[in-house]
*Asks:* 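Take a look at this one; I'll ask things after.
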Amino acid sequence: MGRLERPLAPDAGPVTAFARELRRLRTAAGSPGYRDMATRAMFSASVLSDAAAGYRLPTLQVALAFAEACGGDRATWERRWHEAARADGDEGAARPAAKAVQQHQENELRAADVRAVLPPPAQLPMEAHPLVGRIELLQRARALTAPSYGEQRPSGPLLISGQVGVGKSAFALRLAHELAPGLPDGQLYANLDPAADGRKDAAGIAGGFLEALGIPADRIPNDPGQRIGLYRSLLHRRRLLVVLDGVQHERQVRELLTAAPESRIVITSRSRLLGLDGIGRIRLPALDRDESMELLARLIGEDRVGTEPRACLRLADACGDLPLALNLAGRRIAARPEWMLQDSVAELLGEGRREPGRFLGRLQVGDDSLGSRLDSAYRLLTPWARLMLRQFAVSENPPSVDNVVYESTDALAVLVERSAQPVEDLLERLLDAGLVEHSDLPGQYGLTPMARAFALAQPDPTEEEQVPVARSEVLARVSR
């Protein structure tokens, strides 16, 4: 039970009368303490106490929160508030500057009180993989997520995209951990990759976030639209960091995005998610060779890498400088310190064997493997896209100095006997699946070593039983 309150002023004005009604409601509810009410109302105890002090009419939002925390009917109290506001001559335009200051103070008190009652969520996973390089990209990411005080529109969400295994999640987590100290209301994280059991829609994600923010279950709306609206309102009011990792398509997150003044949203996806507007974008490339060697030195040991640099260069070349491939290979080698480095690399690469998928199959440590991630992307492809990937992999173009096979749209169109435009559409789908990359030259694409090895290890799509039926459907769609 809360402490006794000071007597109200003896006048019978509408503000005092409204405060008296609020006190009667609280008494009828058993005189709960204002801190207990704050956990339900999501306003600070100070703001709620001030609402019943009778000095001034509280805002409608505070009055309704007070009433609902004591079991009052929302519609009834909304009507009472409007009656008091009309009687007091304070329903709308009067003293806009004072109202803005009061609203800001209430928002700050609400956030401070919630932090005092409930710990802010801290859902960011630990940075599992060492992040190497990316200095310029991190600077750019920080700039894109920085608050733009001089502009009318706040900074929007940031999308980090790239091919399978390029280190999107590791990059996003490094950025998130750097941003977190400036966002004291907490960090929210959701893994939306199907491989991580992340099959959730926007309303489900919003519901989980609201629970993490301390919203009581009975105050989370059942209606999906209202639930998402409440989530966006909290994001707009607080200083939160939200990381949406492994997004598959735009509709998973479109309704969760907002340009909140002081909150930050970071998204990772293999796809460029071109259907999302108003967001910043960064596409991660593979590491350069010096960065690959630095990553291997961290994993295997600087002494071993410095003693046998040629073996590490061969490994980096075979991995296509892909961070995940290097990480998995480096951890396997580090687990056998008694082996000579060149022997470990030769055994891992299967040098002398003509099995394109063997090295890829060995890039597995525990439950983490590059092959499973490539397979999850491949299974989402249409039959025509699979055929396009296969034809790209068997093309006679030799790999370039970075071990990437480059091919033009026109040349690939000849391989599949289709016009260049439908083929380019298929290549763009492969790009958004994280299996090919754009070249620096217009109309040219690159197939990285790991994706090429994976494609060559797959059965010929023309021999799969389901392809003829599915192909006719895809052919009709592509030919439009």
*Asks:* I'd like to check the ring-ring contact (aromatic ring centres under 6.0 Å, His included) partners of F392; sequence neighbours left out, ordered by chain and number.
*Replies:*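 With neighbours one apart ignored, the set is empty.
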
*Asks:* Verify the neighbour count for atom CD of E407: are there more than 12 heavy atoms of other residues, nucleotides or ligands below 6.0 Å?
*Replies:*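 Check passes, neighbour count above 12.
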
*Asks:* Have a look at I267 and tell me which of V243, L256, V247 forms a side chain to side chain contact (heavy atoms under 4.5 Å, CB included) with it.
*Replies:*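 Going through V243, L256, V247 one by one, the side chain to side chain contact (heavy atoms under 4.5 Å, CB included) with I267 is satisfied by V247 alone.
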
*Asks:* Quick test of your reading: applying salt bridge (Lys or Arg N to Asp or Glu O under 4.0 Å), list the pairs with at least one residue in residues 301-314, sequence neighbours left out, ordered by first then second residue.
*Replies:*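 Salt bridge (Lys or Arg N to Asp or Glu O under 4.0 Å) check on residues 301-314 returns R314-E351.
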
*Asks:* Are R373 and D368 within salt-bridge range, i.e. N to O under 4.0 Å?
*Replies:*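 Salt bridge between R373 and D368, a charged N being under 4.0 Å from a carboxylate O: yes.
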
*Asks:* So, are R134 and E291 salt-bridged, with charged N and O less than 4.0 Å apart?
*Replies:*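 No.
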
*Asks:* Could you work out, with side chain to side chain donor-acceptor pair (under 3.5 Å) as the rule, every residue matching T307, not counting sequence neighbours?
*Replies:*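 Testing T307 for side chain to side chain donor-acceptor pair (under 3.5 Å), a comparison that skips the adjacent residues, returns none.
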
*Asks:* What ring-ring contact (aromatic ring centres under 6.0 Å, His included) pairs are there with at least one residue in residues 247-300, not counting sequence neighbours?
*Replies:*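 Residue pairs passing ring-ring contact (aromatic ring centres under 6.0 Å, His included), neighbours aside: none found.
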
*Asks:* Please examine the side chains of L192 and S269, heavy atoms only from C-beta on, and report whether any two atoms are closer than 4.5 Å.
*Replies:*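 No, every pair of side-chain atoms sits at 4.5 Å or beyond.
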
*Asks:* Is there side-chain contact between L412 and E424, with at least one heavy-atom pair below 4.5 Å?
*Replies:*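 Heavy-atom side-chain distance check fails, nothing below 4.5 Å.
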
*Asks:* Under the side chain to side chain donor-acceptor pair (under 3.5 Å) test, which residues partner R390, sequence neighbours left out?
*Replies:*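 Checked R390 against side chain to side chain donor-acceptor pair (under 3.5 Å); zero matches.
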
*Asks:* Step by step, work out the side chain to side chain contact (heavy atoms under 4.5 Å, CB included) result for L380 and Q248.
*Replies:* CA-CA 10 Å; L380 297 176; Q248 300 291 300; 3.4 Å; yes

*Asks:* Could you work out, with side chain to side chain donor-acceptor pair (under 3.5 Å) as the rule, every residue matching S395, not counting sequence neighbours?
*Replies:*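 Not a single residue meets the side chain to side chain donor-acceptor pair (under 3.5 Å) criterion with S395.
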
*Asks:* Side chain to side chain contact (heavy atoms under 4.5 Å, CB included) for L322 and L370? Distances and angles first, verdict last.
*Replies:* CA-CA 10 Å; L322 201 62; L370 180 58; 4.2 Å; yes

*Asks:* Could you report the tightest heavy-atom contact between P323 and L295, atom names first, then the distance?
*Replies:*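 Result for this residue pair: O-CD2, 3.9 Å.
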
*Asks:* Under the ring-ring contact (aromatic ring centres under 6.0 Å, His included) rule, what pairs show up with a residue in residues 411-443, not counting sequence neighbours?
*Replies:*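 Sorted pair list: H438-Y445.
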
*Asks:* Could you pull out every donor-acceptor pair under 3.5 Å between side chains of residues 335-344 and any protein atom, sequence neighbours left out?
*Replies:*
from : atom 1 : to   : atom 2 : distance (Å)
R336 : NH2    : E347 : OE1    : 3.2
S344 : OG     : M340 : O      : 3.4

*Asks:* Got a sec, which residues hit side-chain contact (heavy atoms from CB on, under 4.5 Å) with P216, two or more places apart in sequence or on another chain?
*Replies:*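 Listed in chain order: D218, R219.
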
*Asks:* Can we say K168 and D245 salt-bridge, meaning some charged N sits less than 4.0 Å from an Asp/Glu carboxylate O?
*Replies:*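 Salt bridge absent between K168 and D245.
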
*Asks:* Mind checking what makes side chain to side chain donor-acceptor pair (under 3.5 Å) contact with T448, not counting sequence neighbours?
*Replies:*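 Side chain to side chain donor-acceptor pair (under 3.5 Å) check on T448 returns Q163.
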
*Asks:* Just wondering, do L431 and V436 contact through their side chains at under 4.5 Å, heavy atoms?
*Replies:*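 Yes - at least one pair of side-chain heavy atoms lies under 4.5 Å apart.
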
*Asks:* Which atom pair, heavy atoms only, marks the closest approach of R281 to L158?
*Replies:*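 In terms of heavy atoms, the two residues are closest at N-CD1, 4.0 Å.
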
*Asks:* Once salt bridge (Lys or Arg N to Asp or Glu O under 4.0 Å) is applied, what residue pairs with a partner in residues 437-448 remain, sequence neighbours excluded?
*Replies:*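 Those involving residues 437-448 are R283-E437.
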
*Asks:* Does atom CG (D223) have a neighbourhood of more than 12 heavy atoms from anything else shown, all under 6.0 Å?
*Replies:*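 Count over threshold, so yes.
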
*Asks:* Kindly state each residue pair satisfying ring-ring contact (aromatic ring centres under 6.0 Å, His included) with at least one member in residues 299-319, sequence neighbours excluded.
*Replies:*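 For residues 299-319: none.
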
*Asks:* Identify the two heavy atoms, one from F171 and one from L284, that lie closest to each other, and give their separation to 0.1 Å.
*Replies:*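 For F171 versus L284, the nearest heavy atoms are CB-CD1, 3.7 Å.
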
*Asks:* Please give me the minimum heavy-atom distance between T409 and V423, naming the atom from each residue.
*Replies:*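 For T409 and V423, the tightest heavy-atom pair comes out as O-CG1, 4.0 Å.
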
*Asks:* Assess whether side chain to side chain contact (heavy atoms under 4.5 Å, CB included) is satisfied between D288 and D321, documenting all intermediate values.
*Replies:* CA-CA 7 Å; D288 63 36; D321 299 298; over 6 Å; no

*Asks:* Supply the atom-to-atom distance L430 CG to E428 CD, rounded to the nearest 0.5 angstrom.
*Replies:*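 Reported value, rounded in 0.5 Å steps: 9.5 Å.
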
*Asks:* Before accepting this row, confirm whether a basic side-chain N of the pair D375/R379 lies closer than 4.0 Å to the acidic partner's carboxylate O.
*Replies:*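 Yes, this pair counts.
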
*Asks:* Is a donor on one side and an acceptor on the other found under 3.5 Å between the side chain of R232 and the backbone of E255?
*Replies:*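 Confirmed, R232 side chain pairs with E255 backbone.
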
*Asks:* How far does CZ of R272 sit from CG of D432, to the nearest 0.5 angstrom?
*Replies:*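 Taking CZ in R272 and CG in D432, the distance rounds to 4.0 Å.
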
*Asks:* Which heavy atom of V404 sits nearest a heavy atom of L447, and at what distance?
*Replies:*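 Smallest heavy-atom distance, with atoms named: CG1-O, 3.4 Å.
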
*Asks:* Can you find a heavy atom in the side chain of L328 that is under 4.5 Å from one in the side chain of Q364?
*Replies:*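 L328 vs Q364: side chains apart.
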
*Asks:* Just checking I135: does its CD1 atom have more than 12 heavy atoms from other residues, nucleotides or ligands closer to it than 6.0 angstrom?
*Replies:*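 No.
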
*Asks:* Measure the CD1-CD1 distance between I333 and I300 for me, rounded to the nearest 0.5 Å.
*Replies:*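 Between atom CD1 of I333 and atom CD1 of I300 there are 4.5 Å.
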
*Asks:* Got V394 and L415 here, is their nearest side-chain heavy-atom distance under 4.5 Å?
*Replies:*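 Not in contact.
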
*Asks:* Please round to the nearest 0.5 Å and tell me the distance separating atom CG of L131 and atom NE2 of H177.
*Replies:*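 So the gap between those two atoms works out to 11.5 Å.
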
*Asks:* Return yes if some donor-acceptor pair links the side-chain N/O of Q187 with the main-chain N/O of L124 below 3.5 Å, else return no.
*Replies:*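 The answer is no, because no donor-acceptor pair under 3.5 Å joins these two groups.
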
*Asks:* Step through the shown structure and confirm whether more than 12 heavy atoms of other residues, nucleotides or ligands are within 6.0 Å of CZ on R251.
*Replies:*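 No, because the 6.0 Å sphere around CZ of R251 holds 12 heavy atoms or fewer from other groups.
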
*Asks:* Kindly assign one of parallel, tilted or perpendicular to the pair F209 and Y231, based on the angle between their ring planes and the thresholds 30° and 60°.
*Replies:*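 Rings of F209 and Y231: tilted, as their planes differ by 30° to 60°.
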
*Asks:* Does any non-hydrogen side-chain atom of R142 lie less than 4.5 Å from one of E178?
*Replies:*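 When only atoms from C-beta onward are counted, R142 and E178 do touch, with a gap below 4.5 Å.
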
*Asks:* Does T268 reach the main-chain N or O of G246 with its side chain, forming a donor-acceptor pair under 3.5 Å?
*Replies:*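 Such a contact is found between T268 side chain and G246 backbone.
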
*Asks:* For the CG atom of N327 and the CG atom of L296, what is their distance to the nearest 0.5 Å?
*Replies:*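 CG of L296 is found 9.5 Å from CG of N327.
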
*Asks:* Quick check: closest heavy atoms across V164 and A433, and the distance to 0.1 Å?
*Replies:*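 Answer, listing the atom of V164 first, then A433: CG2-O, 3.8 Å.
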
*Asks:* Hey, is the main chain of D185 close enough, under 3.5 Å, to the side chain of R238 for a donor-acceptor pair?
*Replies:*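 Pair absent, no side-chain N/O of R238 close to backbone of D185.
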
*Asks:* Compare all side-chain heavy atoms of I265 with those of V253 and state whether any distance is below 4.5 angstrom.
*Replies:*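 Side chain of I265 against side chain of V253, heavy atoms only: no contact under 4.5 Å found.
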
*Asks:* How far does CD of Q444 sit from CG of L427, to the nearest 0.5 angstrom?
*Replies:*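 So the gap between those two atoms works out to 11.0 Å.
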
*Asks:* State, with a plain yes or no, whether a side-chain heavy atom of M450 is found less than 4.5 Å away from one of L324.
*Replies:*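 No, every pair of side-chain atoms sits at 4.5 Å or beyond.
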
*Asks:* Would you please test D193 and R270 for side chain to side chain contact (heavy atoms under 4.5 Å, CB included) and show each step?
*Replies:* CA-CA 10 Å; D193 192 323; R270 297 166 187 164; 4.0 Å; yes

